[in-house]
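Below, each value reflects all heavy atoms present in this structure, side chains not excepted, and no hydrogens, waters or symmetry copies. Below, read A as the first sequence line, B as the second, and so on, with proteins coming before strands; counting in each chain starts at 1.
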Amino acid sequence: MPDAPDDDYVDHPIRSYVRTGGRVRPTHRLTPATLLIGHISPTATSVGRQEREVLSQCMGVISMAEIAVHLGQPVSVLAVIVSDMIDAGLIGIRPDSDTAAGPSRETLQKVLHALNHL
Amino acid sequence: MLSTTSDGHGRSGARGDQHYLAPTVVESVKILVVGSFGVGKTTLIGSVSEIDPLRTEETITQASEGIDEVEATPEKTTTTVAMDFGRITLTDEIALYLFGTPGQRRFWDLWSGLAEGAAGALVLVDTRRLADSFEVLDQLETRTSLPFVVAINQFPDAPNYEPDQIRKALDLDDETPIVVCNAKNRNACARALAALVRHALKTR
């Protein structure tokens, strides 16, 4: 069983924060191409099973879409969980990943150069 | 069992153990690959992706408008939409994500969110079924301001039209580039994507 009984005795603000309470709107802009990286180990005892599963997929830089596939969840559901995990400091967003404004001219030039040499 | 690392399943070349991006990657850019069913979106993504194309599924709960060609069940209020995607690490810092989505009106809820912040859209077209592209192009033009390029996926038994004939048939602006592409060929796909990015740079 993934949840050790000891977990329930850890009094940590994260425990209550991560419960989504039926919320469906994430508080961060998380798209399928948003890049994430975990800040803590998935084996940390302060996190619940759900968070541990997400963290186990975020031990390096990876996109929301990939995590969603590996966990078998829709991106929209994952976004709610990840959003809370960001607020709790468990996961970080790569700030330049899939911004609403889109890539800069300089970035597009780098992309073009790389595609021309692919 | 969920695995945290890909074992590669004996694949060779770039597709090895690539669960994660390099730690230096800080930026992601996305391009939409749109087009009607069976036009080769997933094939194109697979040709250039460094990972095997993956598929996410989302459920759209609104009643789907129009008629579902596959199963016309009017009482159906949820539609499962599959989105295939792949990725290419282009520089130490930039990863490109390709999202293949059907561009029809009834998928718009999923599509509009994806369009925000995208570098542009590659519209894959099958010349044997040109009319299938009308709705996709219409949605792109009316619902987004995304720069797009039309890429003809050249099937062996497809008629060989001149680009001007295609432009006329699809009612495209003179500025919209048309490229010929073989979705199975990595170089051809890279050239089509480069044409799109070049076009995106011009339209800014």
Within this structure, what is the [atom1]-[atom2] distance for the pair [X] and [Y], rounded to the nearest 0.5 Å?
| X | Y | atom1 | atom2 | result |
| --- | --- | --- | --- | --- |
| A:I62 | B:I51 | CD1 | CD1 | 8.0 Å |
| B:H19 | A:M59 | NE2 | CE | 9.5 Å |
| A:E66 | B:F85 | CD | CZ | 5.0 Å |
| B:L54 | A:S63 | CG | OG | 8.0 Å |
| A:N116 | B:R198 | CG | CZ | 5.5 Å |

Does any non-hydrogen side-chain atom of B:L114 lie less than 4.5 Å from one of A:T31?
-> no

State, yes or no, whether a side-chain contact exists between B:R55 and A:V69 at a heavy-atom distance under 4.5 Å.
-> no

For [X], which atoms come within 4.5 Å of any heavy atom of chain A: side chain, backbone, both, or neither?
| X | value |
| --- | --- |
| B:A195 | neither |
| B:L90 | both |
| B:I88 | side chain |
| B:E116 | both |

Looking only at heavy atoms, which two atoms of [X] and [Y] are closest? And how far apart?
| X | Y | result |
| --- | --- | --- |
| A:P103 | B:R204 | O-NH1, 2.8 Å |
| B:Y20 | A:S56 | OH-O, 3.5 Å |
| B:V26 | A:D96 | O-CB, 3.6 Å |
| A:L108 | B:A200 | CD1-CB, 4.2 Å |
| A:R105 | B:L201 | NH1-O, 3.0 Å |
| B:V25 | A:V61 | O-CG1, 4.0 Å |

Within residues 32-42 of chain A, the residues sitting under 4.5 Å from chain B by heavy atom, in sequence order, are A:P32, A:A33, A:L35

Counting heavy-atom pairs under 4.5 Å with chain B, the top scorer among A:T99, A:L118, A:I93 is A:L118

Top residue by heavy-atom pair count (under 4.5 Å) with chain B, among A:A100, A:A68, A:P95, A:G102?
-> A:A100

Hey, mind stepping through B:V197 and A:L115 against side-chain contact (heavy atoms from CB on, under 4.5 Å) and telling me if it holds?
-> CA-CA 9 Å; B:V197 176; A:L115 284 172; 3.9 Å; yes

Going by atom types only, do A:T107 and B:E27 share a side-chain donor-acceptor pair under 3.5 Å?
-> yes

Could you look at A:Q73 and say if it's the side chain, the backbone, both or neither that has a heavy atom under 4.5 Å from chain B?
-> neither

Qualifying ring pair (Phe, Tyr, Trp, His ring centres under 6.0 Å) pairs with a residue from residues 73-118 of chain A, counting only residues at least two apart or across chains | A:H113-A:H117

Please determine, among B:G117, B:A95, B:A194, B:A190, the option with the most heavy-atom pairs under 4.5 Å with chain A.
-> B:G117

